Amino acid sequence: MKNYFLRIGFLVSVVSVALIGNAFAQTPGTSTLKTEKRDREAVARLKMASLTAAERMAWREIQERIDEMSNGEEAKDVPASMHYMDADYKLHTLPEKDTPGGKLINLQQIAVYKKQNLASLYSTSPETRTDIETLSMKGNLATIEVYQYYVRVIRGGDGSPHEARTSVRHRETWIYTDRGWLQKDVVELERGPIYLDGEVYKPST
């Protein structure tokens, strides 16, 4: 089971998830979810206030595409979860003990990680969110910083359910193409602590 949970911190940046029911943790009520959604939208409007009209449009369209790929995660549909990834997509991970320079992962490798992750996923909590925090544009490229808070129930090595909570902040480059905005490059900037069943998880070295 130890090796299984070692992947949690890494896979959170690979997968953007949707807001679906959580069979393990307490699920917020409908009114709470609506309030949280309004609050998130209000925060986004404040952050977009100083942007140009083109930047605000890009922000909305990219956030919608992030959410659509999250819906693919909810359906455990790998192609749908990668629908807006560019053919030259790359993920640059933070350094690890065994990879001091981090990892560079391409589109085909991402598909493998996603398939593994979804195979062990029981459910995703409505607490999960992936929000754009900043955006800048240059030509047909948009650079965003994204914060993802990921709460889900996963299958342990013995098949039992465990609640995992992780967070990550990353910088993404999106390119505008004839298919609209596509996710081209993701760079991990920061990872928060891993919580497993409510306790901080510290992998053995």
Side-chain angles (χ1 to χ4, degrees), residues 1-40 63-85 91 93-94 96 103 105 109-133 146-170 172 183 186 188-205:
M1 185 182 294
K2 182 181 76 172
N3 291 336
Y4 173 79
F5 288 123
L6 285 173
R7 299 201 308 269
I8 296 174
F10 169 69
L11 287 176
V12 64
S13 65
V14 176
V15 182
S16 296
V17 292
L19 306 181
I20 62 176
N22 186 338
F24 190 77
Q26 182 177 356
T27 302
T30 302
S31 60
T32 301
L33 291 176
K34 287 181 179 178
T35 299
E36 289 177 354
K37 185 175 187 233
R38 285 197 301 268
D39 290 344
R40 289 174 62 200
Q63 183 67 66
E64 287 175 1
R65 294 199 162 196
I66 290 173
D67 294 341
E68 283 184 41
M69 287 195 291
S70 294
N71 291 336
E73 299 289 341
E74 176 182 350
K76 297 190 176 183
D77 184 336
V78 173
S81 72
M82 300 174 62
H83 185 67
Y84 295 116
M85 290 182 176
L91 168 68
T93 72
L94 285 168
E96 301 278 3
K103 295 179 181 178
I105 301 171
Q109 292 167 318
I110 286 293
V112 173
Y113 283 119
K114 279 181 172 285
K115 186 176 180 180
Q116 292 173 348
N117 189 62
L118 294 180
S120 62
L121 180 68
Y122 281 137
S123 61
T124 306
S125 169
E127 294 177 77
T128 293
R129 61 187 185 275
T130 303
D131 293 328
I132 297 174
E133 295 190 320
V146 172
Y147 175 76
Q148 181 187 72
Y149 181 58
Y150 190 3
V151 184
R152 71 276 197 199
V153 177
I154 56 177
R155 185 176 62 250
D158 60 356
S160 62
H162 297 271
E163 183 197 62
R165 292 173 178 259
T166 51
S167 60
V168 66
R169 181 170 278 106
H170 43 90
E172 300 184 2
Q183 189 182 45
V186 176
E188 285 190 335
L189 301 177
E190 178 184 5
R191 293 180 195 167
I194 299 170
Y195 291 92
L196 186 64
D197 296 333
E199 297 182 359
V200 176
Y201 173 70
K202 296 181 179 179
S204 301
T205 56

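This structure is a prediction, so every number in the text was calculated from the model and none was measured.
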How long is the gap from [atom1] on [X] to [atom2] on [Y], to the nearest 0.5 Å?
| X | Y | atom1 | atom2 | result |
| --- | --- | --- | --- | --- |
| Leu189 | Arg169 | CG | CZ | 8.0 Å |
| Leu91 | Glu172 | CG | CD | 9.5 Å |
| Ser70 | Tyr150 | OG | OH | 9.5 Å |
| Arg152 | Arg165 | CZ | CZ | 10.5 Å |
| Met69 | Met85 | CE | CE | 5.5 Å |
| His162 | Tyr122 | NE2 | OH | 8.5 Å |

Take Arg191 and Thr93 through the test side chain to side chain contact (heavy atoms under 4.5 Å, CB included) and record every step on the way to the result. CA-CA 10 Å; Arg191 293 180 195 167; Thr93 72; 4.0 Å; yes
Which heavy atom of [X] sits nearest a heavy atom of [Y], and at what distance?
| X | Y | result |
| --- | --- | --- |
| Thr130 | Gln63 | O-NE2, 3.0 Å |
| Ala80 | Gly72 | CB-CA, 3.8 Å |
| Ile154 | Ala164 | CD1-CB, 4.0 Å |

Quiz item: More than 12 foreign heavy atoms under 6.0 Å from NZ of Lys76: is that the case here?
Solution: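 Correct, the count exceeds 12.
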*salt bridge (Lys or Arg N to Asp or Glu O under 4.0 Å) partners for Glu64, two or more places apart*: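 Checked Glu64 against salt bridge (Lys or Arg N to Asp or Glu O under 4.0 Å); zero matches.
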What I'd like to find out is whether the side chain of Lys103 reaches to under 4.5 Å of the side chain of Glu96, using heavy atoms alone.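 Side chain of Lys103 against side chain of Glu96, heavy atoms only: no contact under 4.5 Å found.
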Does the side chain of Tyr195 reach to within under 4.5 Å of the side chain of Val200, using non-hydrogen atoms?
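With C-beta onward as the side chain, the pair touches.
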Is a donor on one side and an acceptor on the other found under 3.5 Å between the side chain of [X] and the backbone of [Y]?
| X | Y | answer |
| --- | --- | --- |
| Thr166 | Ile194 | no |
| Arg155 | Ala119 | yes |
| Glu188 | Leu94 | yes |

Subject >> Working for side chain to side chain contact (heavy atoms under 4.5 Å, CB included), residues Arg129 and Tyr147 >> reply: CA-CA 8 Å; Arg129 61 187 185 275; Tyr147 175 76; 3.8 Å; yes
Under the side-chain hydrogen bond (donor to acceptor under 3.5 Å, both in side chains) test, which residues partner Asp131, sequence neighbours left out?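 For Asp131, the residues satisfying side-chain hydrogen bond (donor to acceptor under 3.5 Å, both in side chains) (neighbours in sequence not counted) are Arg40.
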message = Just to verify, what does Gln109 make a side-chain hydrogen bond (donor to acceptor under 3.5 Å, both in side chains) with, not counting sequence neighbours?
response =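 side-chain hydrogen bond (donor to acceptor under 3.5 Å, both in side chains) list for Gln109, sorted by chain: empty.
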- Check the pair Lys114, Glu73 against side chain to side chain contact (heavy atoms under 4.5 Å, CB included), reporting the backbone distance first and the verdict last. CA-CA 9 Å; Lys114 279 181 172 285; Glu73 299 289 341; 2.5 Å; yes
